Participant: 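Here it is, the structure in full.
It should be emphasised that the depicted structure is a prediction, and the values quoted were computed from it without experimental measurement.
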Amino acid sequence: MGTLRLAYPEEPGSLNPILARSPAARDILRAVLPSFHLVTPDLRYRPYLLAGEPTVKTTQQRMAVRFRLRETARWSDGRPVTVDDVMFTWRVMTDPDLPVAVRDGFEYVVDVVKESASVGTVVLSPPYAAWRDLFSAGRFILPRPATGGPASVRKWEEGPPVAGGPFLIDEWVRGKAIGLRRNARFFGPKPLLQEIRVEFVPDATTAIQLLQIGDVDAVAPALGISWGRRLAAIPGVTTSGRFGPDLVHLVVNTPASADAAKRRRIAEAIDRTRFAEAIIRDEGRRGDGVLAPEQRGAVPAWDRFGTNQDASVKLRADEELTLAFPKGELLDLAARYVQAELERAGGDVELVPLDADTFQGEWLPDRSFDLALWEARSGPEPWLTRWFAATGDERVSQLIDVELSEILGEAEKAGAKGRTALARAQERLAELVPVLPLFQPKVTMGWRQGVGGIAANPTVDGPLWNAWNWSIVSEAA
């Protein structure tokens, strides 16, 4: 056992699981809270808190998901994890008085039926194709308090009061680090580390330098220039990299750019192929859809916006656009590239670099921009309504389109009709262009000699998905 120091690129604004909008919050909570499934790097759902795969019975109007929790599962205070906690989570996620960031999908849940302490059934109507994501894929099972109802979660700004994952939150030094201490009551394999110290290092070059001189033991994935190549070039450092549902989009604030033709001109003005070939190179690839190629039902509907060979594409020079983005090596470069492309087409673009927590917590939900660069990570299942539905606290587009809303509703349903609607939804989104997919980065982690168990995960479950398996050989040993 020992302490592993992990350089992580951003600090979360909050560790309240119902407010977890940013990848940072979800990544850290992944090691703290249990979920029905884990999402593995190869985009599989692995039963985690569940004792096995649920039994699913589906009719035309109803889906019943009967689940069994691990009877050995305990919260860090010794209480068992039970169906009551699942029911409490459902009530929290559907409470209209709580500021839940991602409540999408819970409108399909009509009941959670308790059969015993460890056995229950989630009842959905109509059947919901992405039912696994209700209690997984960046969302967790919440501990039911001994007293108080759903409103009690408002007080969890520093994280939940107890843990059910392999680690619990020990200390959060704002602006510096979060300490994760081993949870001795974790239901899974005994964590090999005593502590993981998540140190906030927003600059990618600084993170690489710290790893090189031994001031950190591992680095989490970052959007750095030539990130994977620079890590692999450090003597004694091992890397792990994968492609998956991690995408960077250019978001268009649709109320500010209500004309779809104008949004298409913006998309047509940006040569994404040149950006991918000259700047991203083998560290990523051009994004042609809001779903990654590895996800079910992905359609490259944006491939029409590839190279700007039409010199007639013009933007209005008298209308200044703001482009907001989280500060960082690769996004800084991407923002300057987008600015140059749009100005070449006659536009006027002001860059607004922001701290990641300010961007995620204020600018993105408040739509305080004309354009924005936004990194999105998800699970294996397509989840378009999360970002593009007319309602929802995490939506990146305020686009109101009746046809799109109807198609998105159909795409969430199970069965062949849902799969057909999913393809139509992507085509409609490409036609309306509320976002322009820019690139799919290769998600890469690196660690020094003596560290073991780490594997990069390009999904929403992030780098700490298997934190119990991490180990380190101390220099004293």
Side-chain angles (χ1 to χ4, degrees), residues 7-29 99-102 138 157 172 174-176 178 198 200-207 220-225 227 245-257 266 287 290 320-339 342 349-378 386-388 392-399 434-441 443 460 462-463:
Y8 190 89
E10 64 180 77
E11 180 174 15
S14 168
L15 284 179
N16 190 321
I18 71 168
L19 301 177
R21 289 187 177 91
S22 70
R26 292 169 181 154
D27 285 351
I28 292 169
L29 288 170
V100 177
V102 187
E157 186 68 17
W172 184 355
R174 295 277 182 170
K176 189 174 182 180
I178 290 177
V198 182
F200 307 124
V201 186
D203 180 71
T205 295
T206 300
L223 292 176
I225 298 172
W227 172 254
D246 187 316
L247 297 162
V248 176
H249 303 292
L250 178 68
V251 179
V252 183
N253 188 356
T254 49
S257 302
I266 290 173
V290 290
E320 183 178 278
L321 300 171
T322 58
L323 171 54
F325 59 96
K327 290 183 289 188
E329 284 185 355
L330 192 52
L331 290 189
D332 288 349
L333 187 59
R336 292 198 298 272
Y337 181 88
V338 170
Q339 179 189 46
L342 296 182
V349 181
E350 177 189 1
L351 301 185
V352 185
L354 300 163
D355 290 334
D357 59 340
T358 301
F359 176 82
Q360 295 281 353
E362 299 176 21
W363 282 64
L364 191 61
D366 292 343
R367 318 300 297 176
S368 303
F369 55 81
D370 298 305
L371 305 170
L373 293 177
W374 174 65
E375 181 186 9
R377 277 197 275 129
S378 60
R386 174 180 176 181
W387 302 322
F388 305 112
D393 293 336
E394 201 192 38
R395 66 191 187 279
V396 300
S397 172
Q398 292 180 328
L399 176 69
V435 300
L436 174 67
L438 286 181
F439 65 95
Q440 182 187 20
V443 174
V460 68

Participant: What heavy-atom pair brings Ala207 and Val201 nearest, and what distance separates the two atoms?
Facilitator: N-CG1, 3.6 Å

Participant: Quick one: CH2 on Trp172 to CD1 on Ile178, what's the gap to the nearest 0.5 Å?
Facilitator: 5.0 Å

Participant: Among Val349, Val252, Leu321, find the one that has a side-chain contact (heavy atoms from CB on, under 4.5 Å) with Asp370.
Facilitator: Leu321

Participant: Between atom CZ of Phe200 and atom CD of Glu10, what is the distance when rounded to the nearest 0.5 Å?
Facilitator: 9.5 Å

Participant: Under 4.5 Å between any side-chain heavy atoms of Leu373 and Leu250, yes or no?
Facilitator: yes

Participant: Sequence neighbours left out, what passes side-chain contact (heavy atoms from CB on, under 4.5 Å) with Pro9? Give chain and number order.
Facilitator: Ala220, Ala222

Participant: With Val435, which residues qualify under side-chain contact (heavy atoms from CB on, under 4.5 Å), at least two apart?
Facilitator: His249, Val251, Val290, Phe388, Val396

Participant: Heavy atoms, side chains only, cut-off 4.5 Å: are Phe325 and Asp332 in contact?
Facilitator: yes

Participant: Quick one: do Asp357 and Arg174 make a salt bridge, cutoff under 4.0 Å?
Facilitator: no

Participant: Do you know which two heavy atoms are closest between Ser14 and Leu19, and how far apart they sit?
Facilitator: OG-CD1, 3.9 Å

Participant: Give the minimum heavy-atom separation between Pro221 and Val443, together with the two atoms involved.
Facilitator: CG-CG1, 3.4 Å

Participant: With Leu333, which residues qualify under side-chain contact (heavy atoms from CB on, under 4.5 Å), at least two apart?
Facilitator: Ile225, Ile279, Arg336

Participant: Give, for atom CG of Leu15 and atom CZ of Arg26, the distance between the pair rounded to the nearest 0.5 Å.
Facilitator: 13.0 Å

Participant: Would you call Trp363 and Leu354 a side-chain contact if the rule is heavy atoms closer than 4.5 Å?
Facilitator: yes

Participant: Indicate yes or no for a side-chain donor-acceptor contact from Thr322 to the backbone of Glu350 under 3.5 Å, with no hydrogens or angles considered.
Facilitator: no

Participant: Output the distance between atom CD1 (Ile266) and atom CG (Leu371), rounded to the nearest 0.5 Å.
Facilitator: 5.0 Å

Participant: Please enumerate all residues that pass side-chain contact (heavy atoms from CB on, under 4.5 Å) together with Gln440, with sequence neighbours excluded.
Facilitator: Phe243, Leu247, Arg285, Ala292, Pro293, Glu294

Participant: The criterion is side chain to side chain donor-acceptor pair (under 3.5 Å); which residues satisfy it with Asp246, sequence neighbours excluded?
Facilitator: none

Participant: For the atom pair CZ (Phe369) and CH2 (Trp374), what is the distance rounded to the nearest 0.5 Å?
Facilitator: 10.0 Å

Participant: Is Val338 close to Leu323 at the side-chain level, that is, under 4.5 Å between some pair of heavy atoms?
Facilitator: yes

Participant: With sequence neighbours excluded, tell me which residues meet side chain to side chain donor-acceptor pair (under 3.5 Å) with Glu329.
Facilitator: Thr205, Arg230

Participant: Mind checking the CD1-CD spacing from Ile28 to Glu11? Nearest 0.5 Å is all I need.
Facilitator: 8.0 Å

Participant: Heavy-atom distance under 4.5 Å between the side chains of Gln360 and Pro12, does that happen here?
Facilitator: no

Participant: Between Asp355 and Lys327, does at least one N-O distance fall below 4.0 Å, as a salt bridge requires?
Facilitator: yes

